[in-house]
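Below is one structure, written out as structure tokens; comments come after it.
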Amino acid sequence: MVFDKNDYDIRTFHAGNESLECVCYNNLVYADNPVNPAFQSMNLFAPKAYLSGGEINGYTRATAPIFLPNTVGGYMPGPLAEPGLNVYGPPVPNSVFRALEHGYVTACPAIRGRSQPQGKAPACIADYKAAVRCLRHIAGDLPGDTERIITNGTSAGGALSALMGATGNDAGYDAYLDPIGAAHERDDVFAASCYCPIINLENADAAYEWQFQGVNEYHRMKMKPREGGRPSFTPEDGKMTGEQIAVSNDLAKLFPAYVNSQNLMKDGRQLTLDGNGEGSFKEYVKSIVLDSARAAIDCGEGLSGMNWLAMDGAARAIDMDFSAYARAITRMKTAPAFDGLSLESPENHLFGVDAIPAQEIHGRHFTLYSYLHSKVNGAMCDPSIVELLNPMPHIGKAGVTLAKHWRIRHGEADRDTSLAISSMLVLKLLEQGCSVDYGAPWGVPHAGDYDLDALFAWIDRVCGQESAVRKIA
Ligand code: DHB
């Protein structure tokens with residue numbers, strides 16, 4: 001890994017009518033034997049003020065946290081990013097632009113994805129880890145504090161951020177890091193910011209049907225072929241077939257056994273579900289939605305039209321009808337939501353094999369249910385690979401360094417994966433003593449980076465807490 005600290009440019013970036021000057025190291029290849037150098041490299045940016053000993057928000061060249069956002073979506077390749085406007089959502093300054101303005105050193109890795117040769121699982125997480133190891137390898141020459149690396153991502157990118165937080169230094173990834181020539185350094189991170197993480201894929205079908213069983217109509221957006229510029233979507237509505245409804249019923253029945261096997265604790269009590277999917281775990285998930293409603297009411301939103309919410313006389317949300325809530329936010333995916341019976345989902349491809357020739361089916365199953373019910377006689381992915389993409393089994397494992405700090409946002413109106421998925425992650429992290437800032441912002445669908453001021457306030461807070469602890473020690 002060659003890094004010349006003097007080989008940088010100073011560039012001015014624009015986002016709308018705002019501009020920002022920063023120091024840029026472009027296209028640093030973060031592994032010694034890359035299979036796809038364009039997607040195994042990163043851009044590194046630092047505020048220009050740090051060149052001349054300046055401070056921003058109390059941070060200096062040496063103390064600035066390193067913000068490490070990824071651009072992965074749909075488990076597709078994540079391209080290199082730079083300060084500018086958001087590609088998805090409203091065209092406002094992106095997180096890279098805002099992070100630099102705020103004083104963070106910002107490293108933007110490209111990451112291989114499922115559509116590329118050698119981009120199937122676990123390439124995406126191997127690459128993210130290799131980028132962190134590279135940062136540590138060149139730490140002496142680098143602006144920023146490699147003990148304060150904060151990952152960030154949305155959806156599949158949120159899953160990668162969660163994996164970074166949950167699997168630090170886990171030797172199980174070495175078989176994928178050594179061949180690409182990742183540096184022999186630690187790959188744990190200080191904090192993980194995860195927006196609507198699409199994690200726990202092998203249990204996400206059951207969780208989805210636990211939440212949406214009985215909601216048989218679906219509403220989704222189909223991405224139009226992209227002709228440059230911004231992506232656009234067309235709505236697609238339909239009703240699940242009788243067969244899909246039967247699959248939904250089967251899968252919903254599988255969820256309680258999984259929840260109960262996880263030994264999820266809250267206030268010294270195990271949260272569980274009975275055979276009908278009722279129980280203390282469901283009450284916990286409901287409490288997350290109720291907290292979201294209360295926060296919205298506190299912000300002056302009128303929620304009296306929400307017929308699934310029960311209010312008391314002072315318009316406080318006191319209870320909810322979980323099935324009616326699922327009907328209100330609507331189903332997006334047909335059953336099974338993730339492990340498609342015809343190997344048609346993004347996740348089937350993620351766990352697939354490189355196709356030779358390219359037109360052959362290259363997806364694989366990753367749940368026993370879909371494998372046994374496959375319509376295409378699909379093969380099963382090796383469960384050890386599936387596990388490398390799931391943070392849950394790594395949390396609390398010996399020899400693994402967990403991020404101390406977590407911020408997880410899963411929109412209250414998200415239909416891409418069940419709220420149960422992020423809730424279970426949070427419970428596991430709390431049990432391990434992590435600090436977790438969790439919330440399901442009201443009315444927010446599957447989205448990310450929508451509250452950067454709050455995200456950065458959280459980063460500043462956890463970095464401040466940590467420096468206080470260090471001083472005492
Ligand atoms: C993403 C969304 C999904 O619904 C999914 O199954 C996988 C990935 C995403 O937006 O990254």
Side-chain angles (χ1 to χ4, degrees), residues 74 196 198-223 233-261 272-279 281-282 285-286 289 306-308 320-351 361 363-378 380 410-424 445-446:
C196 49
I198 298 281
I199 51 165
N200 207 344
L201 297 169
E202 61 272 44
N203 298 293
D205 286 332
Y208 200 83
E209 299 316 319
W210 171 74
Q211 180 164 331
F212 289 102
Q213 185 185 23
V215 183
N216 295 331
E217 286 176 7
Y218 60 85
H219 305 275
R220 61 187 172 207
M221 301 298 272
K222 230 180 154 48
M223 195 161 159
F233 299 86
T234 40
E236 190 180 87
D237 299 333
K239 209 168 167 5
M240 289 211 293
T241 62
E243 196 179 340
Q244 287 168 331
I245 293 170
V247 169
S248 166
N249 294 339
D250 284 350
L251 287 168
K253 283 197 200 97
L254 298 178
F255 193 53
Y258 174 69
V259 167
N260 297 341
S261 75
T272 57
L273 291 177
D274 67 18
N276 297 319
E278 303 292 334
F281 177 76
K282 184 171 179 180
V285 176
K286 281 166 63 174
V289 180
M306 302 287 151
N307 60 2
W308 51 270
M320 66 179 283
D321 176 336
F322 196 68
S323 304
Y325 155 70
R327 264 198 310 283
I329 64 169
T330 74
R331 170 192 283 273
M332 172 190 169
K333 298 177 177 183
T334 54
F338 294 88
D339 191 351
L341 298 183
S342 302
L343 297 175
E344 70 275 26
S345 78
E347 288 77 12
N348 293 126
H349 288 185
L350 171 69
F351 291 119
I361 289 178
R364 288 189 295 196
H365 292 296
F366 50 95
T367 65
L368 188 61
Y369 183 89
S370 289
Y371 173 64
L372 294 177
H373 293 81
S374 184
K375 289 179 185 290
V376 291
N377 197 22
M380 183 81 172
H410 192 170
E412 171 268 340
D414 194 316
R415 309 125 2 107
D416 280 59
T417 196
S418 167
L419 209 48
I421 291 292
S422 56
S423 306
M424 292 188 289
H446 196 64

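For the single chain, residues carry numbers from 1 onward in sequence order.
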Using a 6.0 Å cut-off, check whether atom [atom1] of [X] has over 12 heavy atoms from anything other than its own residue.
X	atom1	value
D237	CG	yes
Y371	OH	no
K222	NZ	no
E243	CD	no

Is the shortest heavy-atom distance from the side chain of [X] to the side chain of [Y] under 4.5 Å?
X	Y	result
F281	N260	no
L201	L350	yes
L419	V289	yes
M380	F351	no
I198	H446	yes
L273	K282	yes
D205	V247	no
T417	C196	no

I need the [X] [atom1] to [Y] [atom2] distance, nearest 0.5 Å.
X	Y	atom1	atom2	answer
N377	L343	CG	CG	9.5 Å
H219	I329	NE2	CD1	11.5 Å
N216	M240	CG	CE	4.5 Å
E344	T334	CD	OG1	7.0 Å

TODO: Return the set of residues passing ring-ring contact (aromatic ring centres under 6.0 Å, His included) with F322 (not counting sequence neighbours), or none when no residue passes.
DONE: W210, Y325
Open item on the list: Please enumerate all residues that pass ring-ring contact (aromatic ring centres under 6.0 Å, His included) together with Y218, with sequence neighbours excluded.
Closed with: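 So Y218 forms no ring-ring contact (aromatic ring centres under 6.0 Å, His included) with any residue.
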Measure across [X] and [Y] and return the closest heavy-atom pair with its distance rounded to 0.1 Å.
X	Y	value
H349	G363	CD2-CA, 4.0 Å
S345	G340	OG-N, 4.0 Å
S370	P336	OG-CG, 3.7 Å
G74	P346	O-CB, 4.1 Å

For the backbone of [Y] and the side chain of [X], can you confirm whether one donor and one acceptor N or O come within less than 3.5 Å of each other?
X	Y	answer
S248	Q244	no
S374	V376	yes
D321	S323	yes
D414	H410	no

Task: Contacts of N307 that satisfy side-chain contact (heavy atoms from CB on, under 4.5 Å) - sequence neighbours left out - done: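 Counting only residues at least two positions away or on another chain, N307 forms no side-chain contact (heavy atoms from CB on, under 4.5 Å).
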TODO: State which residues pass side-chain hydrogen bond (donor to acceptor under 3.5 Å, both in side chains) with D339; sequence neighbours excluded, sorted by chain then number.
DONE: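 For D339 the side-chain hydrogen bond (donor to acceptor under 3.5 Å, both in side chains) partners, ignoring immediate neighbours, are N348, H365, T367.
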Task: Pairs meeting criterion salt bridge (Lys or Arg N to Asp or Glu O under 4.0 Å) with involvement of residues 211-221, two or more places apart - done: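 Counting only pairs at least two positions apart or across chains, the salt bridge (Lys or Arg N to Asp or Glu O under 4.0 Å) contacts touching residues 211-221 are R220-E236.
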TODO: Write out all pairs satisfying salt bridge (Lys or Arg N to Asp or Glu O under 4.0 Å) with one or both partners inside residues 325-338, taking only residues at least two apart or from two chains.
DONE: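 As it turns out, the salt bridge (Lys or Arg N to Asp or Glu O under 4.0 Å) pairs with a partner in residues 325-338, which skip direct neighbours, are E209-R331.
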Open item on the list: Using 30° and 60° as the class boundaries, would you call the ring planes of F338 and Y208 parallel, tilted or perpendicular?
Closed with: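 Geometry flag for Y208 against F338: perpendicular rings.
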Open item on the list: One pair to check against side-chain contact (heavy atoms from CB on, under 4.5 Å): I421 and I199. What are the steps and the verdict?
Closed with: CA-CA 7 Å; I421 291 292; I199 51 165; 3.5 Å; yes
TODO: Determine, step by step, whether L368 and E202 satisfy the side-chain contact (heavy atoms from CB on, under 4.5 Å) criterion, reporting the C-alpha distance in whole Å, the side-chain angles of both residues, the deciding distance to 0.1 Å, and the verdict.
DONE: CA-CA 9 Å; L368 188 61; E202 61 272 44; over 6 Å; no
- [ ] Go through T330 and F212 one step at a time and tell me if the side-chain contact (heavy atoms from CB on, under 4.5 Å) criterion holds.
- [x] CA-CA 8 Å; T330 74; F212 289 102; over 6 Å; no
Open item on the list: Could you tell me if N200 and Y258 have a donor-acceptor pair between their side chains, going purely by distance under 3.5 Å?
Closed with: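 N200 and Y258 do have a side-chain donor-acceptor pair below 3.5 Å.
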